[in-house]
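So the structure is just underneath, and the comments pick up after that.
This structure is a prediction, so every number in the text was calculated from the model and none was measured. Numbered from 1 within each chain, the chains take letters A, B, ... in sequence-line order.
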Amino acid sequence: MLRATFLRPPVPELPEVETVRRTLDRGLTGRRIIEVTRIAWPRTIAEPDPEIFRDLLRDRLVTSIDRRAKYVIIRLDHDDALVVHLRMTGRLTLEQDGAEPDTHTHVAMRLDDGRQLFFRDTRKFGRIWLLDAAGLEVLHQQLGPEPLEDALTAEAFRTLLQRRTGRLKPILLDQKFIAGLGNIYVDEALWTARLHPLRRASSLDDDESDRLYHAIRQVLDGAITRRGTSFSDYRDALGEPGDNQNFLNVYGRAGQPCPRCGTAVERIVVGQRGTHFCPHCQPSDVD
DNA sequence: CATTACCTGCAA
DNA sequence: TTGCAGGTAATG
């Protein structure tokens, strides 16, 4: 039963993608992509068509690595960008010269220093786009605010929440509401804020809203510091796992004691997602 | 708002 | 052998 906790497949959310961005930045910024050497699962290339993608990615300079929500944005010359979403099991890694792609390596590129950029993805849900400036702008517009940026103040967050009528859990997973949270960090943030996942957003008072705002930032900051949460699939761009799995309070801990009060953590399903919370610390009665 | 599709590995 | 895990888009 303890094993089940650790075998639950966690997925890359904002802290994991940020960790990939940072580790990728060290080896990729300033390099040139010489050519795409492998497209083994063409559906991975969301846009443009794989043949055009390959043609456009010859001798392209990487100018910087950014992140938006759960997207890695590899900026190129001419204001283009390679945009990568890891979805469930995607990994973006820098590999040495001569490294051989395995069966799950769907895309590979050769760099001017002889190293390679691999995109590996067991579940094949991950996607890569090659976008121009206009395409990138569309992506930004489709996403809600970045939870860690100054532009999202506690006051702005309160206003956004009050406009919503639904339950906290699905709202926080909605990338148009706030961008970058997934199942792990929503559960952790709600536990930290002592809010039940089924509470209606519009029912929160100012103090509760502020608690949630700070909890989201605290949980994400802490996870970035620990270089992400790794159970099985997630690794950074250098292949290293993160440490945050050892600091989770409720996610994947059904039946185990709440670290704050000792009550057994419960698991319910909310909006088709496994949802973990402490029934004592996160009471449902206020609605 | 709920359901299904996309995929595979692994537990039951 | 079945079904679950979950990010997101597409579809009732």
Using a cut-off of strictly less than 4.0 Å, decide whether [X] has a side-chain nitrogen or oxygen near OP1 or OP2 of [N].
X	N	result
A:His85	C:dG7	no
A:Gln175	C:dT8	yes
A:Arg120	B:dT8	no
A:Arg273	C:dG7	yes
A:Lys70	C:dT8	yes
A:His104	B:dG9	yes

Answer yes when A:Asp66 and A:Arg21 have at least one side-chain N-carboxylate O distance shorter than 4.0 Å, and no when they do not.
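No, no charged N to carboxylate O under 4.0 Å.
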
Parallel, tilted or perpendicular: which describes the rings of A:Phe157 and A:Tyr213, with under 30° parallel and over 60° perpendicular?
tilted

Looking only at side-chain atoms of [X], point me to the closest of [options].
X	options	result
A:Arg267	B:dT3, C:dA5, C:dG7	C:dA5
A:Arg43	B:dA2, B:dG9, B:dC7	B:dC7
A:Val11	C:dA9, B:dT8, C:dG7	C:dG7
A:Thr122	C:dG7, B:dA2, B:dT8	B:dT8

Separation of C:dA9 P from A:Asp174 CG (nearest whole Å)
10 Å

Give the rounded distance in Å between these two atoms: CZ of A:Arg127 and C1' of B:dA5.
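Value for this atom pair: 11 Å.
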
Quick one: does any side-chain atom of A:Gln175 pair with a main-chain N or O of A:Ala69 as donor and acceptor, under 3.5 Å?
no

Tell me if a side-chain donor or acceptor on A:Arg194 pairs with a main-chain N or O of A:Arg211 at a distance below 3.5 Å.
no

Is there a stack between A:Phe125 and C:dT8, judged by ring centres under 5.5 Å and planes under 30°?
no

Measuring only the P atom in each nucleotide, how far is B:dC7 from C:dT11? A whole number of Å is fine.
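To the nearest whole Å, 15 Å.
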
